[in-house]
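Quick notes on the structure that follows.
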There are 2 protein chains.
Amino acid sequence: MITISLNSPIPLHDQLVQEIRRLLADGTLKVGDELPPVRQLANDLGINLNTVARAYRELTDCGLLATSRGRGTVVLSTIEKTTEKPAEEKKRIETTLSSALADAKIAGLNRKEIELLVLRQLNKLWGVS
Amino acid sequence: MITISLNSPIPLHDQLVQEIRRLLADGTLKVGDELPPVRQLANDLGINLNTVARAYRELTDCGLLATSRGRGTVVLSTIEKTTEKPAEEKKRIETTLSSALADAKIAGLNRKEIELLVLRQLNKLWGVS
DNA sequence: GACAAAGTATCATAGTATGATACACTGCGA
DNA sequence: TCGCAGTGTATCATACTATGATACTTTGTC
């Protein structure tokens, strides 16, 4: 369900946050769902439990998860309020997207394949099955 | 032309590499084009010249740029051969794309807006004006 | 030759990601 | 009521590495 890359320049806990936010955005995780215990997820991914705990904490801090000692971690909300200024945010989004698409082209995917990938993900995000 | 974010989790030199590869992929930079001197680009972006130099060197190492002391840095090739195994690479591409799209949704863009952004970038990448 | 402009090398520093380990809270069953 | 297993949390050490200040080397031009 969650995958990370050990040789990405992006720190592990950031990758985790990204992944979980993605699962929240596309509806895979719903309010009330339990997340795996830090030890289990850490073990599954082959990383340290602190790294997972850190990701959980960051998401807790921005109100998406609720964690409590001894009980576990659950989804509190799937909606997040953005803090960035719209202008910067828009640029950031565009840059990220453009990079991802360019990367796909560099990897040898042709236009049709990329369009298919995008379409599939958009459908998932907007709940079309 | 090149933009980076100082508070991204992605290291500056990696962002630079990403950006330049994007410019190579979409045709903004062509074979033979000169890149800005490290000092100038560093100054424009408000970062250290070593960081720029590092990005140039990485791109030189994989055969995309040619640098020589005293003369500068030029585009040597716009085609890169991938080194990853196809399976892993495909997953990486998908993950990156999915993240970027989810991020866009989280930021409040609606489906149409995202589709437009994607279309525009694809057109740029495949040379449609 | 002198000089300006390009990339390169060296070194220091601070930040931080990661991990090993021990702690504290919760709930359940004997 | 006690213990125990299963949670997340806190602490600390370590190693890495991104970044930057500075000095060096090469190239071309006047």
Side-chain angles (χ1 to χ4, degrees), chain A residues 1-21 24 29 32-77 99, chain B residues 1-21 24 29 32-77 99:
Chain A
M1 179 149 114
I2 292 177
T3 66
I4 57 175
S5 162
L6 289 176
N7 45 1
S8 159
I10 304 177
L12 296 180
H13 69 267
D14 279 311
Q15 291 187 53
L16 267 178
V17 167
Q18 224 173 18
E19 283 285 280
I20 295 171
R21 293 206 316 157
L24 292 171
L29 284 174
D33 284 355
E34 288 188 0
L35 276 82
V38 290
R39 283 168 184 76
Q40 181 187 322
L41 184 52
N43 197 57
D44 289 350
L45 297 174
I47 62 179
N48 191 273
L49 90 179
N50 288 313
T51 309
V52 177
R54 176 166 179 182
Y56 281 8
R57 183 158 41 79
E58 287 177 10
L59 290 162
T60 302
D61 287 346
C62 59
L64 293 172
L65 303 182
T67 71
S68 66
R69 262 190 189 171
R71 276 183 297 185
T73 304
V74 301
V75 177
L76 185 62
S77 160
S99 268
Chain B
M1 181 148 114
I2 293 177
T3 67
I4 57 175
S5 162
L6 290 176
N7 45 2
S8 160
I10 304 176
L12 297 179
H13 68 267
D14 279 310
Q15 292 186 52
L16 266 178
V17 167
Q18 225 174 16
E19 282 285 280
I20 295 171
R21 292 205 317 157
L24 292 171
L29 283 174
D33 284 353
E34 289 187 0
L35 276 82
V38 288
R39 282 169 185 77
Q40 180 187 322
L41 184 51
N43 198 55
D44 289 351
L45 297 174
I47 61 179
N48 192 273
L49 89 181
N50 287 313
T51 308
V52 177
R54 178 165 177 182
Y56 281 9
R57 181 158 42 78
E58 287 176 12
L59 289 162
T60 302
D61 288 346
C62 59
L64 293 173
L65 302 182
T67 70
S68 67
R69 264 188 187 173
R71 277 184 296 185
T73 304
V74 301
V75 177
L76 186 62
S77 160
S99 267

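Reminder, nothing fancy here: chain letters follow the sequence lines and each chain counts from 1. Please read these numbers as outputs of a predicted model, since none were measured by experiment.
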Starting at atom CD of B/Glu58, determine the distance to atom P of D/dT17, rounded to an integer number of angstrom. 12 Å

Roughly how many Å is it from CD in B/Gln40 to P in C/dA5, rounded to a whole number? 11 Å

Would you please confirm or rule out a distance under 4.0 Å between OP1 or OP2 of D/dT7 and any side-chain N or O of A/Thr73? no

For DNA chain D, find the residues of residues 1-13 of chain A with a heavy-atom distance under 4.0 Å and give them by number; none if there aren't any. none

With B/Gln18, which residues qualify under side chain to side chain contact (heavy atoms under 4.5 Å, CB included), at least two apart? A/Ser99, B/Ile10

Distance in angstrom units between A/Leu16 CG and C/dG19 P, rounded: 11 Å

Using a cut-off of under 3.5 Å, enumerate the N/O to N/O pairs linking the protein to nucleotides 9-14 of chain D.
unit_1	atom_1	unit_2	atom_2	d
D/dT9	OP1	A/Thr67	OG1	3.3
D/dT9	O4'	A/Arg69	NE	3.1
D/dT9	O4'	A/Arg69	NH2	3.2
D/dA10	N6	A/Asn50	OD1	2.8

In short, side chain to side chain donor-acceptor pair (under 3.5 Å) pairs touching residues 55-67 of chain A with sequence neighbours left out are A/Arg54-A/Glu58

With nearest nucleotides of DNA chain C determined for A/Arg71 and A/Arg54 from heavy-atom distances, which residue corresponds to the more 5′ nucleotide? A/Arg54

To the nearest Å, give me how far apart CG (B/Asn48) and P (D/dA23) are. 14 Å

Quick one: do A/Leu35 and A/Leu41 satisfy side-chain contact (heavy atoms from CB on, under 4.5 Å)? Show the steps, please. CA-CA 9 Å; A/Leu35 276 82; A/Leu41 184 52; over 6 Å; no

Residue list, side chain to side chain contact (heavy atoms under 4.5 Å, CB included) with B/Ser68, at least two apart or on another chain: B/Arg71

Decide side-chain contact (heavy atoms from CB on, under 4.5 Å) for B/Leu76 and B/Leu64; before the verdict, give the C-alpha distance in whole Å, the side-chain angles of both, and the deciding distance to 0.1 Å. CA-CA 5 Å; B/Leu76 186 62; B/Leu64 293 173; over 6 Å; no

For residues 39-48 of chain A, which residue pairs pass the side chain to side chain donor-acceptor pair (under 3.5 Å) check, not counting sequence neighbours? A/Asn48-A/Asn50

Just the rounded figure in Å: distance from C1' of C/dA5 to CD of B/Glu34. 12 Å

Residues passing the side chain to side chain donor-acceptor pair (under 3.5 Å) test with B/Ser77, sequence neighbours excluded, are none

Test item: A/Gln15 side-chain N/O and A/Ser5 main-chain N/O as donor-acceptor pair under 3.5 Å: yes

